[in-house]
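A short write-up of the structure that comes next.
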There are 2 protein chains.
Amino acid sequence: MKSKSVRRVTLGDVAARAGVSPTTASYILNGRAGEMRIAGETERRVREAAEELQYRPNRLARNLRTSTTKTYGVISDFVASGHFAGEMLSGAATVARASGHLLVIGETEGDVEVEARLVDEMLDRHVDGILYATLVTMEISVPEVLRKHPTVLMNCVDTTGQLPAVIPDEVGGGRVAGELLLESGRAAGAYVVGADPTPGALAGGRRLTGVEAALNEAGHALAGMIPCEWSVREAFAAMDGWLRDGGRPGALVCMNDRIAMGVSQALAEHGLQVPGDVAIVSFDGSELASWLRPTLTSVAVPYAGIGARAVELLLAGAAGREVEEMPMDVVAGGSLGGGGSTGKR
Amino acid sequence: MKSKSVRRVTLGDVAARAGVSPTTASYILNGRAGEMRIAGETERRVREAAEELQYRPNRLARNLRTSTTKTYGVISDFVASGHFAGEMLSGAATVARASGHLLVIGETEGDVEVEARLVDEMLDRHVDGILYATLVTMEISVPEVLRKHPTVLMNCVDTTGQLPAVIPDEVGGGRVAGELLLESGRAAGAYVVGADPTPGALAGGRRLTGVEAALNEAGHALAGMIPCEWSVREAFAAMDGWLRDGGRPGALVCMNDRIAMGVSQALAEHGLQVPGDVAIVSFDGSELASWLRPTLTSVAVPYAGIGARAVELLLAGAAGREVEEMPMDVVAGGSLGGGGSTGKR
DNA sequence: CTCACTTGCTGAAGGGAATCAGCAACCACG
DNA sequence: CGTGGTTGCTGATTCCCTTCAGCAAGTGAG
């Protein structure tokens with residue numbers, strides 16, 4: 001199974017066949033022919049030889065010489081969870097590939113030791129840069145050593161604010177949710193379901209800020225908060241309890257789609273219709289939003305966009321400190337009533 | 001931001017400080033001291049020097065010399081979709097890391113051109129092996145060049161049967177589902193919901209085979225099939241139509257959790273209770289199964305296990321041709337009635 | 001004292017590309 | 001005919017490690 005090692009074609013072979021020195025061949029194949037005043041005819045011969053011999057440069061040799069690998073490392077706490085990490089990876093991989101880079105992944109499982117080891121492994125392999133991602137949008141402190149290497153944070157910001165980061169514009173997303181409520185005429189008696197479960201997490205607070213801003217500017221106000229962790233179960237329990245206590249919401253802003261699912265279940269069990277009795281708008285724009293009946297109108301976190309943008313910053317030589325906020329767009333569903341009850345996905 | 005390149009410590013530096021030759025230092029640090037009859041005292045000095053200088057071997061140089069990179073490439077059609085790909089990656093990464101390997105990923109989006117380019121990029125970088133994964137369990141034909149390099153297929157088998165593969169034991173999983181139905185006394189009037197949506201896909205047929213086998217052996221038989229694509233929407237539509245036509249199932253075997261969700265929605269809208277009126281067992285063991293009310297009893301696809309096992313095969317020098325089937329385990333939920341209505345997740 | 005072996009180490013040769021410094025050949029000009 | 005400049009190319013070195021082949025010194029037997 002091991003390749004029968006027929007000795008790969010080297011730069012020297014190409015040079016020999018073209019009747020030039022390896023130096024010349026190198027310059028030509030690296031596009032420095034003009035700069036080095038190589039004759040057009042010579043260039044043609046070398047390229048032809050490379051083509052005929054099916055020459056592929058030995059990346060390992062080049063890596064050693066240039067200390068460069070056309071490779072970026074991705075450190076993230078959880079690769080496996082939900083589609084989030086996957087989308088971020090996918091977005092990053094696409095942009096990386098376009099510039100000939102590959103992605104090396106490492107999952108820390110939230111363990112600092114593992115994280116440190118992974119960072120070392122990647123730096124040992126001379127990745128050209130590191131993408132540091134978290135599953136939940138949050139403020140974190142990254143390993144010191146990353147400050148000495150090109151690094152871009154995805155979905156998080158570091159406490160010292162030294163490193164460039166790409167995060168969702170959660171406040172803007174909150175405003176979008178608030179505006180959707182206003183547009184559909186369901187802003188009265190709106191409650192927010194969810195509270196930030198993770199210390200350091202940013203999404204909840206910032207989304208709330210945005211929602212309140214939008215409502216307040218239109219002369220409305222939130223009717224209240226129904227706190228719960230961001231899971232289907234917890235949301236169901238919280239909502240169920242609240243409804244049992246006689247609560248009757250006009251609309252619900254759910255901090256994510258899973259909360260919206262739990263909430264929907266509770267509403268259904270109490271005989272309340274969505275969107276007839278209760279309008280729902282939520283956040284995430286996950287597949288789940290398109291699975292529910294009615295489909296959810298959800299303000300999507302642009303995970304793929306974050307990944308893509310982060311790689312762009314790395315490619316551009318990430319100057320440091322700037323935090324870029326990616327706009328959150330609506331995935332229209334039927335949970336607010338009115339138009340598109342089919343959802344966009 | 002670029003590291004200020006203080007010239008990394010090299011093997012030579014360590015050797016100099018310990019007063020030995022680089023050769024000796026190399027042998028010692030590579031654990032070949034015994035084999036080379038290096039004196040204990042010398043070994044100590046070298047290790048100490050390495051420690052003091054914080055020596056980290058230059059992997060790029062080693063890579064070049066050994067044509068080995070402690071790196072595996074993962075080619076998969078979709079990295080972003082669902083938690084499946086993520087779990088497989090995660091399982092693979094964990095085992096890989098344990099042996100000092102990192103994973104390089106590449107997403108083909110199902111495009112053969114992209115796939116070919118990614119394979120080339122990885123082989124150029126001399127990955128030590130390739131994991132080739134598909135989102136859906138299926139039979140595929142892999143790029144020819146992979147046959148010349150250590151390769152293990154994850155969640156798929158190749159048409160020629162030349163390459164080692166790790167797939168879920170779908171027939172066994174089907175049996176498990178059938179047995180669950182029997183154990184809970186709900187085997188009578190059981191319909192199967194779903195049909196294989198993708199050409200070449202294996203899961204549906206094999207699951208069905210297992211379910212039928214288990215039922216038949218106990219003197220039961222399936223009451224029928226309700227075909228639909230494997231999505232929430234399609235499942236809802238199919239089930240809703242079937243119920244409108246007056247169908248009344250005693251139990252449903254759903255080909256995956258998304259189908260089960262659509263089915264649950266349809267049952268609810270027709271006033272049928274789970275598990276009271278209709279028992280449900282499904283496949284996948286995804287998070288979704290734990291989100292529904294009642295939670296689903298679902299036969300889980302061991303994605304993480306597949307990834308982990310595939311890397312083990314690669315590490316063991318994958319001998320070729322053997323196809324390993326990983327057992328599918330039950331994630332207990334409440335959809336079959338009886339015990340655990342809380343679910344295991 | 002010699003020979004054969006063991007112990008403990010080292011020199012030098014790669015691996016394949018990138019790149020600095022420089023050289024030969026030719027031309028033009030005064 | 002010497003000088004200076006351009007054109008077009010190349011030799012030698014470097015990146016840092018692994019590893020083959022071999023050598024000097026010590027030991028024990030004969």
Side-chain angles (χ1 to χ4, degrees), chain A residues 3 5-47 49-50 53-70 100 123-126 128, chain B residues 3 5-47 49-50 53-70 100 123-126 128:
Chain A
S3 56
S5 218
V6 262
R7 208 181 76 79
R8 283 180 58 143
V9 175
T10 71
L11 186 60
D13 299 337
V14 174
R17 171 171 260 250
V20 300
S21 72
T23 306
T24 305
S26 173
Y27 283 134
I28 291 171
L29 297 177
N30 287 312
R32 298 181 58 188
E35 180 187 338
M36 283 293 144
R37 298 169 311 211
I38 307 290
E41 163 60 15
T42 309
E43 171 159 7
R44 222 214 67 248
R45 280 209 326 276
V46 170
R47 291 200 181 283
L53 296 177
Q54 299 244 55
Y55 172 65
R56 304 229 92 205
N58 183 330
R59 264 249 158 66
L60 302 188
R62 180 184 296 184
N63 290 351
L64 173 60
R65 187 62 233 258
T66 62
S67 276
T68 253
T69 54
K70 287 268 188 183
L123 293 180
D124 282 353
R125 283 173 176 77
H126 285 256
D128 296 343
Chain B
S3 57
S5 218
V6 262
R7 209 181 75 81
R8 281 181 58 145
V9 176
T10 72
L11 185 62
D13 299 337
V14 174
R17 170 171 261 251
V20 299
S21 73
T23 305
T24 305
S26 172
Y27 282 134
I28 291 171
L29 297 177
N30 286 312
R32 300 181 57 188
E35 180 188 338
M36 285 292 144
R37 302 168 306 212
I38 307 290
E41 163 61 13
T42 309
E43 171 158 8
R44 222 213 68 247
R45 281 209 323 279
V46 169
R47 291 201 182 282
L53 296 176
Q54 301 244 55
Y55 172 66
R56 306 230 90 207
N58 182 330
R59 264 248 158 68
L60 303 188
R62 179 183 298 182
N63 290 351
L64 173 59
R65 188 64 233 260
T66 62
S67 276
T68 251
T69 54
K70 287 267 187 185
L123 293 179
D124 281 353
R125 282 171 177 77
H126 284 255
D128 296 343

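With sequence neighbours excluded, the residues that form a side-chain contact (heavy atoms from CB on, under 4.5 Å) with B:Ser21 are B:Thr23, B:Thr24. Residues satisfying the side chain to side chain donor-acceptor pair (under 3.5 Å) test with A:Arg32, not counting sequence neighbours, are A:Glu35. Partners of B:Arg47 by salt bridge (charged side-chain N to carboxylate O under 4.0 Å, His left out), not counting sequence neighbours, listed by chain and number: B:Glu43. Residues satisfying the side chain to side chain donor-acceptor pair (under 3.5 Å) criterion with B:Arg56, sequence neighbours excluded, are A:Asp124. Looking at residues two or more places apart in sequence or on another chain, you find no side chain to side chain donor-acceptor pair (under 3.5 Å) involving A:Asn58. For A:Arg62, there are no salt bridge (charged side-chain N to carboxylate O under 4.0 Å, His left out) partners two or more places apart in sequence or in a different chain. Remark: B:Asp13 engages B:Arg7 in a salt bridge (charged side-chain N to carboxylate O under 4.0 Å, His left out) (not counting sequence neighbours). Under the side chain to side chain donor-acceptor pair (under 3.5 Å) criterion, B:Glu41 pairs with B:Arg44, not counting sequence neighbours.
Residue-to-nucleotide proximity on DNA chain C shows that, of B:Arg62 and B:Ile38, the 5′-proximal contact is made by B:Ile38.
Using a 4.5 Å heavy-atom threshold, the side chains of A:Ile38 and A:Val20 count as separate.
Bracketed by its first and final contacts, the part of DNA chain C lying under 4.0 Å from non-hydrogen atoms of chain A reaches from C:dG16 to C:dC20 in 5' to 3' order.
For A:Arg37 and D:dG5, the CZ to P distance is 14 Å, given to the nearest whole Å. Straight-line distance from the CG atom of A:Asn63 to the P atom of D:dC17: 15 Å, rounded to whole Å. Look at CG on B:Asn58: it is 11 Å from P on D:dC15, rounded to the nearest Å.
Rounded to 10 degrees, the angle separating the terminal axes of the helix from C:dC1-D:dG30 to C:dG30-D:dC1 is 70°, with each axis obtained from five end pairs.
Note on A:Thr42: only backbone sugar-phosphate atoms sit closer than 4.0 angstrom, heavy atoms only; bases stay farther off. Within 4.0 Å of A:Leu11, counting heavy atoms only, lie sugar-phosphate atoms of the nucleic acid but no base atom.
Proximity of residues 28-36 of chain B to DNA chain C (heavy atom under 4.0 angstrom from any strand atom) is restricted to B:Met36. Within residues 19-26 of chain B, the residues having any heavy atom under 4.0 Å from DNA chain C are, by residue number, B:Val20, B:Ser21, B:Thr23, B:Thr24.
Residues A:Ala50 and A:Val14 approach most closely at N-CG1, 3.7 Å, considering heavy atoms. Listed here is the closest heavy atom pair of A:Thr10 and A:Tyr55: C-CE1, 3.5 Å. A:Leu11 approaches A:Pro22 most closely through the heavy-atom pair CD2-O, 3.7 Å.
Here the CG atom belonging to B:Asn63 is positioned 5.5 Å from the OG1 atom belonging to B:Thr69, to the nearest 0.5 angstrom.
No donor-acceptor contact under 3.5 Å links the side chain of B:Tyr27 to the base of D:dC17.
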